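Data first, discussion second: the structure below is written as structure tokens.
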Amino acid sequence: MSSQYQTISSLPHHVGETVRVRGWVAHLRSSGKVAFIVMRDGSGILQCVVVQKIVGDTGWETFSALTLETSVEIEGEVRADARAPGGVEVGVTNMIVIGTSPVDYPIQPKEHGIDFLLDHRHLWLRSSRQVAIARVRAEIEQALNDFFYERKFVRVDTPILTSAIGERSGLFSTEYFDEGNAYLAQTGQLYGEAAAAALGNIYTFGPTFRAEKSKTRRHLTEFWMLEPEMAFVDSAGNMQLQEEMIEYVVKRCIERCSAELAVLERDMPKLEAIRAPFPRIDYTDAVTTLQGKGSAVQWGDDLGAEDESLLVADYATPIFVVNYPKEAKAFYMKENPADPRTVLCSDMLAPEGYGEIIGGSQREDDLDRMTQRIKDEGLSVEAYDWYLDLRRYGTFVHSGFGLGLERTVTWICGIPHIREAIAFPRTMYRLRP
RNA sequence: UCCCCAGUAGCUCAGUUGGUUAGAGCAUUCGACUGUUAAUCGAAGGGUCGUAGGUUCAAGUCCUACCUGGGGAGCCA
């Protein structure tokens, strides 16, 4: 990278110096013979002041021809000025157009409908709010990787193309040579379990796919999931790691993303309140509580979105709901020895009504019981032969969970809809851009 | 798959019990202005009212179907 250019974010350290900056025109204001270019370069927003008698007639013509989103290079002196957003501005002495932009740039500094914005997602990404979300997302991903690296977890990348295996929900399928259909992975967990028997503590982090016709603010058909798997760790240890992880990630965002969270107008005290440990609520108790609050939920039902909100309303931190009925959960979860109607699992529900961000469990480690559960679910034992090998050859207590990245981003950013939490959201009706 | 809602200018919307030539703001073009903060002021251009039928003397407005989205449910991260 050439050092003769400065990023906008670095300019407060260059007051009094002449600098060159490259970026895009975000806004234009003219007032006779003095004009303002608001420029963005991804690192920040800069007010550039153009005065006709300084830039001369040629420079003024260059300015007059500028349009929104033209890419430009400007040169000038950095000066502190209270009237400039961010406190510094550049007095332009020279200006070069890099790439012009027609006057019909679709996204204006005003409100747009969501349909229009999603159709122009490739351009919408340039707006300050979307830039802020993208930066918070990247920080969350980095924090997660750091958290597991510090704890000596090994990152294992699992296949996206799989044979039919995993959970019951919808699969995307595609032809796969002479092997019949391949399916896009909806979890890396089963592969993660195999890797845990090799490496001890591992995690996977990658895209995952659900062909469900979900139309809600919490669902995408393609989303990123982080799935740790830990050998010789039970359900209690599983939850302890989860709450440490969430506390770590939230703290990192508060430390390093305060500017982005300010753009998003995030209620910071609500994030600052996120401290482990988080409450554990037994599913059976949760049902009683919910019925007391007027919910129609019956023991045995999974908790609906409204039930989750009701439950979380009493807490400032995320909560765990533990030990759901067997019928409501996946076949690989270990039966609860204290209550065989239930399994050793935990869902983490985020505060402020953001809902489930983590689903985790201790895995069934008994070969016979696992085989029976696969049969009970109407699944093919042959398809799971390699998975059963993990119980056949040196079975081990192990636990893990799946963290939904976009749901976590949505919650930490305090934004209303999951589709803003990923650069190019894939939903039922959106495959482009 | 089910329930609800919406489609009028490039964008965001208004449009009365059906009634003259379809309205505004923003954006665009032209003009004014030496410190603007989504600048302001003046002027101009810009429409197959989602599509197809139907009712009516008359439909942006009422009816039917379809299309395209949005919100929610279920499922889950």
Side-chain angles (χ1 to χ4, degrees), chain A residues 26-38 45-55 60 64 67-68 79 81-86 89 91 102-120 123-124 127-128 166-171 186-189 204-227 242 301-308 324 328-330 347-350 354-360 400-411 416-419 421-422 427-430:
Chain A
H27 205 71
L28 289 163
R29 284 186 293 271
S30 170
S31 176
K33 297 182 173 52
V34 63
F36 302 88
I37 305 170
V38 179
I45 298 288
L46 172 67
Q47 172 164 290
C48 308
V49 185
V50 184
V51 178
Q52 184 172 20
K53 70 182 180 191
I54 292 174
V55 296
W60 192 251
S64 300
T67 54
L68 232 51
R79 60 193 181 220
D81 193 311
R83 293 167 295 187
E89 64 182 20
V103 294
D104 60 355
Y105 184 72
I107 300 188
Q108 301 165 23
K110 58 167 291 191
E111 286 193 21
H112 292 283
I114 192 64
D115 187 29
F116 179 84
L117 289 171
L118 287 172
D119 284 343
H120 297 85
L123 302 176
W124 184 23
S127 68
S128 57
E167 297 174 18
R168 288 168 289 190
S169 46
L171 291 159
Q186 33 180 220
T187 172
Q189 179 203 314
T204 76
F205 197 7
T208 182
F209 308 87
R210 304 277 165 93
E212 287 146 3
K213 295 185 175 177
S214 302
K215 292 184 63 175
T216 81
R217 66 183 68 195
R218 299 181 306 283
H219 289 87
L220 295 166
T221 55
E222 176 181 319
F223 63 97
W224 282 60
M225 185 153 66
L226 180 137
E227 297 178 282
Q242 291 171 42
D301 297 345
D302 205 352
L303 302 183
E306 201 172 319
D307 292 326
E308 290 181 356
Y324 280 69
K329 289 293 176 181
D347 284 357
M348 188 193 290
L349 309 182
Y354 279 92
E356 184 179 352
I357 56 172
I358 293 177
F401 61 91
L403 168 80
L405 177 66
E406 288 78 9
R407 286 186 179 179
T408 306
V409 172
T410 305
W411 162 52
H417 202 296
I418 197 169
R419 64 192 154 202
I422 185 168
T427 60
M428 233 174 114
Y429 299 120
R430 299 241 172 228

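A, B, ... follow the sequence lines: proteins, then strands. Residue 1 opens every chain. Since the structure is predicted, the reported quantities are computational estimates derived from the model, not experimental observations.
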Please give the distance between the C1' atoms of rC3(B) and rU61(B) as a whole number of Å.
26 Å

When all nucleic acid strands are considered with a 4.0 Å heavy-atom cut-off, which category describes Leu220(A): base, sugar-phosphate, or nothing?
base

Quick check on Tyr429(A): does its OH atom have over 12 non-hydrogen neighbours (other residues, nucleotides or ligands) under 6.0 Å away?
no

Can you work out whether Gln47(A) or Leu303(A) has the more 5'-proximal nearest nucleotide on RNA chain B?
Gln47(A)

Rounded to whole angstrom, note down the C1' distance from rC26(B) over to rC63(B).
36 Å

Same-atom distance (P) from rU17(B) to rG54(B), integer angstrom
27 Å

Touch class at under 4.0 angstrom, heavy-atom based, for Pro106(A) against every strand present
nothing

Using a 4.0 Å heavy-atom cut-off, does Gly355(A) contact any base of the nucleic acid, only the sugar-phosphate backbone, or nothing at all?
nothing

Does the base of rC75(B) carry an N or O that pairs as donor and acceptor with the side chain of Ser214(A) under 3.5 Å?
yes

Stacking between Phe223(A) and rA77(B), defined as ring centres under 5.5 angstrom apart with planes under 30°, is that present or not?
yes

May I ask you to decide if Gly355(A)'s main-chain N or O and Glu308(A)'s side chain share a donor-acceptor pair within less than 3.5 Å?
no

Touch check for Gln108(A), heavy atoms < 4.0 angstrom, all strands: base, sugar-phosphate only, or nothing?
base

Can you pull every protein N or O that's under 3.5 Å from an N or O on nucleotides 42-49 of chain B?
none

Would the base of rU34(B) count as contacting Gln52(A) through its side chain, where contact means a donor and an acceptor less than 3.5 Å apart?
no

Can you check the distance between rG18(B) and rC49(B), where both ends of the measurement are the C1' atom (answer in whole Å)?
15 Å

Looking at Asp81(A) and Arg83(A), is any side-chain nitrogen of the basic one under 4.0 Å from a carboxylate oxygen of the acidic one?
yes

When you measure only distances, ignoring hydrogens and angles, does the side chain of His219(A) come within 3.5 Å of the base of rC76(B) through a donor and an acceptor?
yes

Can you tell me how far P in rC11(B) sits from the matching atom in rG72(B), rounded to whole Å?
24 Å

What integer number of Å spans the P atoms of rG74(B) and rA14(B)?
31 Å

Using the C1' atom in both, what is the distance from rG50(B) to rG31(B), to the nearest Å?
38 Å

Scan Val103(A) against the nucleic acid and name what it touches under 4.0 Å (heavy atoms): base, sugar-phosphate only, or nothing.
sugar-phosphate

With sugar-phosphate meaning primed atoms plus P, OP1 and OP2, does Glu406(A) contact a base, only sugar-phosphate, or nothing at under 4.0 Å between heavy atoms?
nothing

Of the listed nucleotides (rA27(B), rG35(B), rU34(B)), which one gets closest to any side-chain atom of Val49(A)?
rG35(B)

Distance-only, no hydrogens or angles: does the Thr216(A) side chain make a donor-acceptor pair with backbone N or O of Arg218(A) under 3.5 Å?
yes

For the pair Glu406(A) (side chain) and Trp224(A) (backbone), establish whether a donor and an acceptor sit closer than 3.5 Å, ignoring hydrogens and angles.
yes

Give Ser30(A) one of three labels, base, sugar-phosphate or nothing, depending on what nucleic acid heavy atoms sit under 4.0 Å from its own.
base

NA contact type, Asp347(A), heavy-atom cut-off 4.0 Å: base, sugar-phosphate, or nothing?
nothing

Could you go over nucleotides 69-72 of chain B and give all protein N or O partners under 3.5 Å, atom names and distances?
| unit_1 | atom_1 | unit_2 | atom_2 | d |
| --- | --- | --- | --- | --- |
| rG69(B) | O3' | Arg430(A) | NH2 | 3.4 |
| rG69(B) | O2' | Asp115(A) | OD1 | 3.2 |
| rG70(B) | OP1 | Arg430(A) | NE | 3.4 |
| rG70(B) | O3' | Arg419(A) | NH1 | 3.4 |
| rG70(B) | N7 | Lys215(A) | NZ | 3.4 |
| rG71(B) | OP1 | His417(A) | NE2 | 2.9 |
| rG71(B) | OP1 | Arg419(A) | NH1 | 2.8 |
| rG71(B) | OP1 | Arg419(A) | NH2 | 2.7 |
| rG71(B) | O3' | Arg217(A) | NH2 | 3.3 |
| rG72(B) | OP1 | Arg217(A) | NE | 2.1 |
| rG72(B) | OP1 | Arg217(A) | NH2 | 2.6 |
| rG72(B) | OP2 | Arg217(A) | N | 3.0 |
| rG72(B) | N7 | Lys215(A) | O | 2.9 |

Which sits closer to the 5' end of RNA chain B, Gly32(A) or Phe116(A), going by the nucleotide each is nearest to?
Phe116(A)

With a non-hydrogen cut-off below 4.0 angstrom, is Glu222(A) in contact with a base, only sugar-phosphate, or nothing?
nothing

